[in-house]
Amino acid sequence: MNDQTRTGGISNGLDAKVLHAISYVFNGAIALVCLIPFVMVVSASFSSEDAISKTGFGLLPKDFSLEAYSTVFAEPMIIVRAYAVTVLLTLCGTLIALFLQTMTAYVLSRKDFAWRNGFSFFFYFTTLFNGGLVPYYLLMTQYLHLKNNYLALLLPLLFSVYNLLIMKSYIMAIPDSLIYAAKIDGCGEMRTLFSVVFPMLKPALATVGLFIALAYWNDWYSAMLYISNDKMYPLQYFLYNKVNNIEAYKKILESHAGSGVAAAINMPTQTLKMALTVVVTGPIILLYPLVQKYYVQGITIGAVKG
Amino acid sequence: MNKFLRKLNKNKIFLIMLAPAVVYALLFSYLPMAGIVLAFKKYTYAGGIFGSAWNGLKNFEFFFRSGKALLVSKNTVLYNLAFIILNTLTQMTVAILLVELNGKYFKKIAQSLMFLPYFISWVIVSVIAFNMLSNDFGFVNSFLVSMGFEKISFYNNGKYWPVILSIFNVWKSVGYGSVLYLAAIMGIDTEVYDAAAIDGANVFQRIFRVTIPQMAPTMVILLLLSIGGIFRGNFDMFYNLVGNNGILHPATDVIDTFTFRALITNNDFGMSAAVGLFQSVLCFVTVLVANKLVNNYDPDYSLF
């Protein structure tokens, strides 16, 4: 964000001071409202089940306790597996999608491609009209037979016209002369794409790559539709499933952990949900401040061109 | 014909590079479009989409007779209208006020915190909602009890949900949405502000006479674009926050959640395909109308 102020920089009178006060209060309040729910979930996860069932969730931990986490990690493999599915899916999906979308955007941005308007419309039309959920669902399950197949998680997010348009507007900003120079030097189109266009697209690849990665990371919908084998659940659907069937989850923990852990009936319930949520959210909270600036860029370009 | 072949040969490499995306779009977008014929059929597993028998408009009749058609359409539109209005107001106010501040750190930290909800999934938001609103453990209810008030059964009472859903929607998109308005303000020519200052305008007058009018084009474009999607409900949000809680459905069911339940819970392929087609057509028409309006307003921003 730009650090320069607009109207406030000109005047330092009373009006500016009042405005600053309003701004600090309003934006401070909104920022706190965005933060506090997370604090409350973390606090709840460090509370004892006893205290929560007596007085409910609060802003700070009640009767500080690690029992929820020791229950979650009594059988860490269940979570590690969900993490592994999501991490691998996000990595593969992002790389393939990024390559596919960049290559497509490159062709559609080339002015010497004869049918570029026709094909642009061919892709664009899919955002205007679609067949709805049912034909898509039947295609995936009855025709491609992708139930309980990781491809059912990978394919739906592989291509997005919105990202395509963002990528295209980044590529259009590369001077044509560079691409023609590469061709005069004898580069084929693929070679030009890899050795001239890709290196110049680093910020674009970061921005679009992060959009794609976040979509894969947060996806639970495809898993809900196509995955019924709980060993294959990605992280978000794992969380969805366990929070909504917490009693079943406690039974699984009990059966896995054997005598080392309390019987399901004595395990925490509400604090367990919160601890599970913290464990699933963790990396996002730590990483997002680092990648936020790429999103800001992408959002601005996407709104203008998309 | 020869000319076409020569053109084909010249563009050969482009077509090869385009092929994976074209196959993808044909398979996952255009083939399902052909699958909407299912809306006019009685689906059987043996017959599949194209082999099942026709049943005319029965699926539509069933949907409209059920009394749900009007309810879910109305809910979808009204929720979207509320979200559009509240989001626009909040995001513009945040941007206008944030840009006025000199403090670099406050601005950075505030903006980062506002971005936090954007990065998490709706599954996590649903746990947050439970933390706040649950009858037995929710923060709001423990607070009400400690102040000597009665508990409120949020999860048993539909009338609170338009407010709850609107708040969560604003909450999740405030950081993301204000970016666009910040960019619009940054694009305003500083000379306009200097001129206003010389004319003796105070900061409030400058906000109302310069900043807001100059932001208006961005606002109008974004409003029209979101109106284009007014028949599309945010499935992620409604399904995670409300889920299968039938008591809340009259107040919270949107077209997308209705279609989903008809398909997954009731396996009513024909009717849910009919609802899907009904929604796709409405969406298509509203996008065209919205785009026409954008085009009249400023052709540079029109979609096509």
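Side-chain atoms are counted along with the backbone in the values below, which use heavy atoms only and exclude waters and symmetry mates. Here is how names work: the chains are called A, B, and so on, in the same order as the sequence lines, proteins then strands, and each is numbered from 1.
Among A:I285, A:D112, A:L276, the residue with the largest count of heavy-atom pairs under 4.5 Å with chain B is A:D112. Put simply, of A:F113, A:Y136, A:Y237, A:F26, the one with the most heavy-atom pairs under 4.5 Å next to chain B is A:F113. Counting heavy-atom pairs closer than 4.5 Å to chain B, the top-ranked of the candidates A:Y137, A:Y143, A:W220 is A:W220. Between chain A and the residues B:L113, B:L116, B:T93, the most heavy-atom pairs under 4.5 angstrom are made by B:L116. Most heavy-atom pairs under 4.5 Å with chain B: of the set A:G132, A:A114, A:P289, this distinction falls to A:A114.
Here CG of A:L287 is found 10.0 Å from CZ of B:F119. Values are rounded to the nearest 0.5 Å. Distance check, rounded to the nearest 0.5 Å: CZ of B:F28 to CG of A:L158 gives 8.5 Å. Between B:L18 atom CG and A:M103 atom CE the span is 8.0 Å, to the nearest 0.5 Å. Atom CD of B:Q111 is separated from atom CD of A:Q292 by 6.0 Å, given to the nearest 0.5 angstrom. Put simply, CD on B:Q279 and CG on A:L133 are 9.5 Å apart, with the number rounded to the nearest 0.5 Å.
Across all non-hydrogen atoms, the minimal contact from B:S112 to A:Y288 is O-OH, 2.6 Å. Smallest separation of non-hydrogen atoms from B:I264 and A:L225: CD1-CD2, 3.8 Å.
Ring-centre distance between B:F106 and A:Y24: below the 6.0 Å cut-off. A distance of 6.0 Å or more separates the ring centres of A:F57 and B:F139. A centroid separation of 6.0 Å or more is found between the aromatic rings of A:Y295 and B:F115.
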Steps toward ring-ring contact (aromatic ring centres under 6.0 Å, His included) verdict (B:Y30, A:F122): CA-CA 10 Å; B:Y30 284 94; A:F122 170 82; 4.8 Å; yes

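Ring geometry, B:F284 versus A:F125: the interplanar angle exceeds 60°, so the pair is classed perpendicular (tilted spans 30 to 60°). B:W171 and A:F38 have parallel rings, their planes meeting at less than 30° on a 0 to 90° scale where 60° marks the start of perpendicular.
If you measure heavy-atom distances from A:L164 to chain B, you find no contacts under 4.5 Å at all. Of the atoms belonging to A:N244, not a single heavy atom falls under 4.5 Å from chain B. Neither the backbone nor the side chain of A:W217 comes within less than 4.5 Å of any heavy atom of chain B. For A:V291, the part sitting under 4.5 Å from any heavy atom of chain B is the side chain, from C-beta outward, and nothing else.
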